[in-house]
Amino acid sequence: MGEGIFISFEGIDGSGKSTQAHLLAETLKTQGRTVRLTREPGGSPGAEEIRRLLVEGAPERWSAETEILLFTAARRDHLEKTIRPALANGEAVITDRFADSTRVYQGATRGDLRAVVDQLHTIMIGKEPDLTFIIDMDPRQALARGLARQSGEDRFEDFGAGFQEKLRSGFLALAREFPERCHVIDGSRTPETVAASVMEIVQDRLP
Ligand code: ADP
Ligand code: TYD
């Protein structure tokens, strides 16, 4: 069985990542592909337990350094238990967030910790997606969508609109840094239009 394809969706909170990850999964399934739809933080039972520590509670609950360790621990479990087995089985793995989120959220927005993030990634993860979609949009519009959900998982949304602006620039900078795998997609359009832009790129990459 050949190696499957590994696709990540990235972007600010409420930009439409999980909507697009679902739509892409459905389209690939209708083409007869086996799809593993997953998310971070989470994606395996152990990593879902770590997720609760990260997304609930007061914004100042963890320092950026502690967050890096927790997100990387969750990612390592996700990689071992879910991503690698599915790829080895030839599946299409679609994840709602991966290491680029740590590079931006912990590495670039609250002090310059990018080198720490990169070192830990090299030691503990050492894997990048084949394709990354950065869903880009105005943070005020995205924040309105995100807070409307009232999920109880709003610790990062609670950092506010200025924080979301920094995140947006951080993701756009990453797209320039990794032009081979990163594609910036305008997320302000209808879900179907965004999905069509994504699918055009995926189709080019699929065997
Ligand atoms: P994320 O995973 O990036 O936080 P979601 O996919 O959960 O974003 O979308 C956040 C909210 O916005 C949801 O209520 C969703 O239904 C809605 N939404 C998603 N995509 C769009 C879109 N293209 N246009 C309008 N609303 C959208
Ligand atoms: P997620 O459930 O994707 O939130 P949303 O649907 O609102 O985009 O992720 C939860 C939060 O965790 C989100 O605010 C981003 C943050 N996060 C990091 O700070 N670092 C990371 O490495 C990851 C994966 C997520």
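The model shown is predicted, which means the values in this text are computed figures rather than measured ones. One-based numbering along the sequence shown. Read the numbers this way: they start at 1 and go in the same order the structure lists the ligands and their atoms. Worth knowing before you read on, the calculation uses all heavy atoms, side chains too, and leaves out hydrogens, waters and symmetry mates.
With a 4.0 Å cut-off on non-hydrogen atoms, V55 touches ligand 2 through its side chain and not its backbone.
Remark: ligand 1 and T19 share an N or O pair separated by less than 3.5 Å (distance only, no angle test). Here's the thing with V194: none of its N/O atoms is less than 3.5 angstrom from an N/O atom of ligand 1.
A distance of 12.0 Å separates CD1 of I12 from CD1 of I134, quoted to the nearest 0.5 Å.
Taking both residues in full, the closest heavy atoms of E10 and S101 are given as OE1-OG, 2.5 Å, listed atom of the first, atom of the second, then distance. Of all the heavy atoms in T19 and P191, the pair that sits closest is CG2-CB, 4.3 Å.
Listed for the Q20 side chain is a donor-acceptor partner under 3.5 Å among the backbone atoms of A195.
In the displayed structure, E200 atom CD is contacted under 6.0 Å by at most 12 heavy atoms of other residues, nucleotides or ligands.
Between E48 and R39, at least one side-chain nitrogen of the basic residue sits less than 4.0 Å from a carboxylate oxygen of the acidic one, meeting the salt-bridge criterion.
The atoms of ligand 2 that sit less than 4.0 Å from any heavy atom of Q106 are 18 (C), 19 (O), 20 (N), 21 (C), 22 (O). Atoms of ligand 1 found under 4.0 Å from any heavy atom of T190 (numbered from 1 in listed order, with element): 23 (N). Atoms of ligand 2 lying under 4.0 Å from at least one heavy atom of T102, given by number and element, are 21 (C), 22 (O). Atoms of ligand 2 lying under 4.0 Å from at least one heavy atom of R51, given by number and element, are 2 (O).
Defined by atom type and a distance below 3.5 Å, a donor-acceptor pair is missing between the side-chain atoms of R189 and T193.
The heavy atom nearest to atom 7 (O) of ligand 2, considering only I68, D13, D96, is found in D13. For atom 7 (O) of ligand 1, the nearest non-hydrogen atom from the set G14, A21, S18 belongs to S18. Distances from atom 23 (N) of ligand 1 to the heavy atoms of E10, R189, K17 put R189 nearest.
Within the structure, ligand 2 lacks R39 among the residues with a heavy atom less than 4.0 angstrom away. Within the structure, ligand 2 has R75 among the residues with a heavy atom less than 4.0 angstrom away. Under a 4.0 Å heavy-atom criterion, P41 is in contact with ligand 2. Not close to ligand 1: Q20, with no non-hydrogen atom less than 4.0 angstrom away. Heavy atoms of S15 approach ligand 1 to within less than 4.0 angstrom.
A ring-centre distance under 6.0 Å is found for F98 and F6.
In this view, F171 satisfies the ring pair (Phe, Tyr, Trp, His ring centres under 6.0 Å) rule with no residue, not counting sequence neighbours. Considering only residues two or more places apart in sequence or on other chains, E80 meets the salt bridge (charged side-chain N to carboxylate O under 4.0 Å, His left out) condition with R76.
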